[in-house]
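All figures in this text were calculated on a predicted structure; none of them were measured in a lab.
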Amino acid sequence: MILFLVVLIALFGALVRTVFGFGEALVTMPLLALISFDLNTSVALIGALGLIVALPGAIRYRVHINVAIVRRLVIGSILGVPVGIFLIKYVDKTIIMRILSVFLMVYGSYCLIRIYRQKTNKPRFQSLFFDYVAGVISGVMGSAYNSHGVPIVVYGTLKKWPVME
């Protein structure tokens with residue numbers, strides 16, 4: 001029964017990733033936690049499945065990928081991975097999950113307020129340095145809880161990156 005639920009949750013996460021372009025871990029990690037699936041196994045499973053689901057999109061849109069930005073994000077991410085591993089090993093999981101949930105609620109509120117006000121802002125964080133910062137945050141969140149997409153989506157939104165259709 002557990003195996004069936006894990007497969008169902010993984011398929012649902014893949015559907016979310018396919019439809020929205022990110023968010024697989026945001027959906028699957030809490031659902032796997034609800035069925036008492038091991039957190040470390042969840043991180044590895046969703047990481048592997050995320051790579052498999054992301055490959056077709058990366059291949060399809062490869063001509064639109066800005067390699068310089070991706071390089072800076074990856075370098076930052078590589079620097080953040082050890083911090084994320086430290087967090088998952090030595091920091092209480094409830095503290096990290098609460099920080100992640102507060103971050104998501106604050107960002108969601110920011111987006112709702114921005115939509116309500118219907119005000120367009122100019123792009124922020126134009127310095128190349130912020131690519132590295134977003135990469136570090138993504139590396140920390142990705143290695144600890146497979147939530148590497150959230151910081152990149154937030155960063156891309158603030159920089160006004162175009163949405164691929």
Side-chain angles (χ1 to χ4, degrees), residues 7-32 42-85 87-88 96 99-165:
V7 169
L8 197 64
I9 290 169
L11 288 173
F12 180 63
L15 176 69
V16 168
R17 172 82 172 253
T18 303
V19 171
F20 297 109
F22 81 104
E24 177 181 17
L26 294 175
V27 171
T28 54
M29 294 296 285
L31 292 176
L32 289 173
S42 298
V43 170
L45 174 70
I46 301 309
L49 290 175
L51 179 64
I52 292 168
V53 173
L55 278 176
I59 292 169
R60 180 176 179 193
Y61 295 111
R62 68 185 176 277
V63 296
H64 301 290
I65 295 174
N66 186 330
V67 178
I69 292 174
V70 171
R71 184 181 316 118
R72 290 189 294 271
L73 290 171
V74 168
I75 289 169
S77 182
I78 289 170
L79 296 173
V81 166
V83 177
I85 292 171
L87 287 176
I88 201 166
I96 301 300
I99 291 171
L100 177 61
S101 63
V102 167
F103 171 76
L104 292 174
M105 287 187 289
V106 167
Y107 179 68
S109 300
Y110 164 76
C111 288
L112 284 174
I113 290 168
R114 198 178 84 214
I115 289 170
Y116 176 72
R117 290 176 55 199
Q118 296 180 353
K119 183 178 178 183
T120 53
N121 299 329
K122 61 182 179 182
R124 298 185 175 143
F125 305 116
Q126 292 304 305
S127 170
L128 300 181
F129 169 75
F130 290 111
D131 291 350
Y132 294 105
V133 172
V136 167
I137 295 169
S138 176
V140 169
M141 304 261 302
S143 63
Y145 296 102
N146 264 335
S147 298
H148 52 274
V150 176
I152 301 304
V153 169
V154 170
Y155 182 61
T157 302
L158 293 173
K159 283 192 82 158
K160 304 285 189 215
W161 285 346
V163 177
M164 301 305 301
E165 295 180 8

Polar side-chain atom of Y132 near backbone of I75 as donor-acceptor pair, under 3.5 Å: no
Would you compute the distance between atom [atom1] of [X] and atom [atom2] of [Y] and round it to the nearest 0.5 angstrom?
X: I69; Y: W161; atom1: CD1; atom2: CH2; result: 5.5 Å
X: I152; Y: T157; atom1: CD1; atom2: OG1; result: 11.0 Å
X: L73; Y: I78; atom1: CG; atom2: CD1; result: 11.0 Å
X: Y116; Y: L112; atom1: OH; atom2: CG; result: 12.0 Å
X: N66; Y: R72; atom1: CG; atom2: CZ; result: 7.0 Å
X: I65; Y: R62; atom1: CD1; atom2: CZ; result: 9.0 Å

Taking side chain as C-beta onward, heavy atoms only, is L32 less than 4.5 Å from I46? yes
Minimum heavy-atom distance between [X] and [Y], given as atom pair plus value:
X: A54; Y: R17; value: CB-NH2, 2.8 Å
X: V16; Y: E24; value: CG1-N, 4.5 Å
X: S143; Y: G84; value: OG-CA, 3.1 Å
X: Y155; Y: S127; value: OH-O, 4.1 Å
X: A134; Y: P151; value: O-CB, 4.4 Å

Does the side chain to side chain contact (heavy atoms under 4.5 Å, CB included) test come out yes or no for V74 and R71, once each step is laid out? CA-CA 5 Å; V74 168; R71 184 181 316 118; 5.9 Å; no
Candidate pair L8 and F12, rule side chain to side chain contact (heavy atoms under 4.5 Å, CB included), full reasoning: CA-CA 6 Å; L8 197 64; F12 180 63; over 6 Å; no
F130 meets the ring-ring contact (aromatic ring centres under 6.0 Å, His included) criterion, sequence neighbours left out, with F125
If you apply the rule side chain to side chain contact (heavy atoms under 4.5 Å, CB included), what do you find for L49 with T28, and how did you get there? CA-CA 11 Å; L49 290 175; T28 54; over 6 Å; no
